[in-house]
Amino acid sequence: MVPGDARSHARTAADSPVILPSPVEVARSFNALWNERALAASIVATLRRVLIGFGLAIAVGVPLGLSLDPGVC
């Protein structure tokens, strides 16, 4: 691997089972995660973050967009 070669680094990172597990490993761990409620808690936390971010984007973007168009007001 050549230092600074992004493609080599990306290939190495994608080959790591920690970074990108195989579909078989994901399927095996799904049942265990679902039963211990870790998966459900993670899904709720992720959806909460997404909705907060989307709400903030609307709260900032809509007024800013409306203020930039002189024909709206």
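The chain is numbered in sequence order, starting from 1. Just the heavy atoms: all of them, side chains too, but no hydrogens, waters or symmetry mates, feed the values below.
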If I take atom CG from residue Leu51 and atom OG1 from residue Thr46, how far apart are they, to the nearest 0.5 angstrom?
11.0 Å
Of all heavy-atom pairs between Val26 and Ser29, which one has the smallest distance, and what is that distance?
O-OG, 3.1 Å
Is there a path from Ile43 to Leu33 through hydrophobic residues (I, L, V, M, F, W, Y) whose side chains come within less than 4.5 Å of each other?
yes
Of all residues at least two apart in sequence or in a different chain, which pass the side chain to side chain contact (heavy atoms under 4.5 Å, CB included) check with Ile58?
Phe54, Val62
Give the cluster check for Trp34 versus Val24: same hydrophobic cluster or not, with ILVMFWY residues linked at side-chain heavy-atom distances below 4.5 Å.
no
How many angstroms lie between CG in Asn31 and CG in Leu39, if you round to the nearest 0.5 Å?
10.5 Å
Kindly write out the residues that satisfy side chain to side chain contact (heavy atoms under 4.5 Å, CB included) with Val60, not counting sequence neighbours, or none if the list is empty.
none
